[in-house]
Every structure is written in structure tokens, then in C-alpha cells.
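Below, all heavy atoms of this structure are taken into account, side chains as well, without hydrogens, waters or symmetry copies.
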Amino acid sequence: TDGVYFEHAHRLYGMLVGLTAIIFFFAVMRLDRRPWLIAMAGVFILILIVQGTLGGTRVTENSLLLAAVHGVFGQVVFAFAALFGVFMHSRWKKTKRDQENGTGAWLGLWLVVGVLAQIAIGSAYRHYKWPMGIEAAGVNGLLHVHILVAVLVLLLIIITAGWAITHNRDERVIQRGGVILICILTLQILLGILALIAVFRSGEDAAMSPTTVAITTAHQATGGLLLAFSARLCAWLWRRRIPSPQNAASHSAVVPAGR
């Protein structure tokens, strides 16, 4: 059946990701050699093991809760992997520091938290709507919270991306991250509206049409992209905030200890 095929393909791709992570770990050891980055590559392998364990246990226990957790943690793993693209970027070591840019860094952090919360609520709704019934009070409540948090996340993205674009004119990579985030947000809003229409048109029918499956899956995948690029922008903004060793030394020399 299609379900067995997709599950088997999912496991095979999981094995491929794990193998790639191991190769990447040794590549970082060989080519980069920054201790904290090597440690991060090792942690990436560990969280992949946790994700694989969650997925296997979800199948053997037939647990909807584990299915939802597995889905959300998969997005976290993806965002974690996306951070390597920031830390290994040629601009990472050359980024101009700005100790006054703390607002953007905290906006980025809250944005990541907000997007992750939105993904978790959406995952719970996606997994529980058919077993409990789309009209069930709990499921309806999840949908309402999902829409409310979506509005809050939308505002957070506009504010954070706007800050990244307007306050980092000397760092094009950060400005570009803000623009990309706005583009992904626009796509996600469109997919969210289409997913809402498709789900309500399906009603209580557990056998969703291929179109509905495609739209809701695209909405979920774009949520993962949104989390990944939010995490990337957050990392860049925090890099801007943290003073370089040279700046920290000069600051200590200017400001005597104890004052």
C-alpha cells in the first residue's frame, strides 16, 4: 500500500541523513577544526539518533503523541542542520560587531521560540484531527490557538525581518536573511489559507484527497523552512551583538575595572 511505501522510503531517507551526518562530522574534523563546531557536528549525530528512536518507537507503540513529537523534533533537527550554513559561512568570522544591536538578537530568539510553538500546535492538530473528529472541542481549540499564534508569529517575523534589513545595512548577508524570511512567510500564509480551506472541505472524511494531502504537507514543510531561516537569522543577529575579542579588550582598557 501507499502507506507502507512512504514509511519505507521515510526510513531509507533517514538512514541516508544519518550516514551524511557521520561523513559531515569527519569532514568538519578534517577541514574546519574549530572545537565547538566539531562538538556541534557530534551533537547533530546524537539528535539524529534521538529522532530515529522516536520514529521507531512511534511505530511500535502506535502512539499519536510520539508521532506529533517526532514531527516537531524533525523540524528542530532540520533547523539545527541549517545553522551549519551560518557558522561555516565566509562572513561569520568577518561580521562587524555592534554591541548596541541587542534588540535584534532578542527579537530573533523570540521569533525562533514563536515559530517552534506554532509548529508544535500545528503538529498536534494535524495528528489528532482525524482520530478525535474535526469538530471535537479539543481539536477546534487547537485550530483556534494555531490561527492566533500564526498572527503573533506573523507580526514577529515582520518586526524581526524589518529590523534585520534596516539596522544592518553594512551586512548584506543579514539583510538578505530578512528578505528571505519575508518571502517564506508570504508563501506560508498562502499555503495556510489553502490548507484551512482544504481541511474544512474534507470534513470528517478520513481519506483526504491527494490535493489536500499535498497542500497540508507543503504547509508543514514550509513551516520547517520558516523555523530554519528564523534560526539562521537569529544566529547572525546574535553574532552581531557579541563583541569581538579585539573590541572587548579595547572596551576593558577604556573602562577601568570597578567603575
Establish, yes or no, whether a centroid distance under 6.0 Å links the rings of Phe84 and Phe24. yes
Where the side chain of Trp236 meets the backbone of Ile174, is there a donor-acceptor pair that is under 3.5 Å apart? no
Side-chain (Ser123) to main-chain (Ala68) donor-acceptor, under 3.5 angstrom: yes
Any chance you could measure Leu196, atom CG, to His219, atom NE2, to the nearest 0.5 Å? 8.5 Å
Could you tell me the separation between the CG atom of Leu107 and the CG atom of Leu237, rounded to the nearest 0.5 Å? 8.0 Å
Under a 3.5 Å distance rule, please check whether Gln188 uses its side chain to pair with a backbone N or O of Leu225 as donor and acceptor. no
Trp163/Trp106 aromatic ring centres below 6.0 Å: no
hydrophobic_cluster_shared for Leu46 and Leu16, side chain cutoff 4.5 Å: no
Can you list, by chain and residue number, the hydrophobic cluster partners of Leu148 when the side-chain cut-off is 4.5 Å? none
Is there a side-chain contact between Arg240 and Asp170 in this structure, where contact means two heavy atoms from C-beta onward sitting under 4.5 Å apart? yes
Side chain to side chain contact (heavy atoms under 4.5 Å, CB included) between Val115 and Leu156: does it pass, once the steps are laid out? CA-CA 9 Å; Val115 174; Leu156 258 177; over 6 Å; no
For Thr57, does its backbone N or O pair with a side-chain atom of Thr60 as donor and acceptor, under 3.5 Å? yes
Heavy-atom pair with the smallest gap, counting every atom of Arg33 and Ile38: CA-CD1, 3.7 Å
For Leu116 and Val72: C-alpha separation, side-chain torsions, deciding distance, then whether side chain to side chain contact (heavy atoms under 4.5 Å, CB included) applies. CA-CA 8 Å; Leu116 183 58; Val72 174; 4.1 Å; yes
If only atom types and distance count, is the side chain of Arg126 paired as donor or acceptor with the main-chain N or O of Thr216 below 3.5 Å? yes
Given the rule that I, L, V, M, F, W and Y join up when any side-chain heavy atoms are under 4.5 Å apart, are Ile119 and Phe73 in one cluster? yes
Using 0.5 Å steps for rounding, measure from the CD1 atom of Ile189 to the CG atom of Leu194. 12.0 Å
What is the distance from atom OG1 of Thr160 to atom CG of Leu109, rounded to the nearest 0.5 Å? 10.0 Å
What closest approach, in Å, do Phe25 and Gly42 show between heavy atoms, and which atom pair accounts for it? CD1-N, 3.6 Å
Could you grab the distance from atom CZ of Arg34 to atom CH2 of Trp92, nearest 0.5 Å is fine? 8.5 Å
In terms of hydrophobic clustering (I, L, V, M, F, W, Y; side-chain heavy atoms under 4.5 Å; direct or indirect links), are Val69 and Phe78 co-clustered? yes
Under 4.5 Å between side-chain heavy atoms, counting indirect links through other Ile/Leu/Val/Met/Phe/Trp/Tyr residues: same cluster for Leu181 and Leu152 or not? no
Report yes if the side chains of Leu226 and Ile157 come closer than 4.5 Å at any heavy-atom pair, otherwise no. yes
Of all the heavy-atom pairs spanning Ala105 and Cys234, show the shortest one and how long it is. O-SG, 4.4 Å
If hydrophobic clusters are built from ILVMFWY residues whose side chains come within less than 4.5 Å, do Ile197 and Ile215 share one? no
Any donor and acceptor pair, going by atom type alone, linking the side chain of Gln75 with main-chain N or O of Gly223 inside 3.5 Å? no
For Ala79 and Leu227 the tightest heavy-atom approach is CB-CG, 3.9 Å
Nearest 0.5 Å, please: how far is CG in Leu190 from OG1 in Thr222? 9.5 Å
Starting from Leu191 and following side-chain heavy-atom contacts under 4.5 Å between hydrophobic residues (I, L, V, M, F, W, Y), which residues can be reached? Leu187
Taking the side chain as every heavy atom from C-beta outward, state whether Val17 and Val77 have any pair of such atoms under 4.5 Å apart. no
Hydrogens and angles aside, do Arg58 and Thr53 bring a side-chain donor and acceptor to less than 3.5 Å of each other? no
Flag side-chain contact, heavy atom, 4.5 Å: Val145 against Tyr125: no
Take Leu185 and Ile158 through the test side chain to side chain contact (heavy atoms under 4.5 Å, CB included) and record every step on the way to the result. CA-CA 9 Å; Leu185 172 66; Ile158 292 174; 4.3 Å; yes
Check for a donor-acceptor pair, side chain of Arg232 on one end and backbone N or O of Ala82 on the other, with a separation under 3.5 Å. yes
Taking all non-hydrogen atoms of both residues into account, name the closest pair between Val149 and Gly114 and its distance. CG1-O, 4.3 Å
When you measure from the side chain of Ser63 to the backbone N and O of Val59, does any donor-acceptor pair fall under 3.5 Å? no
For residues Leu83 and Ala231, report the shortest heavy-atom separation together with the two atoms involved. CD2-O, 3.5 Å
Is the closest side-chain heavy-atom distance between Asp32 and Phe87 below 4.5 Å? no
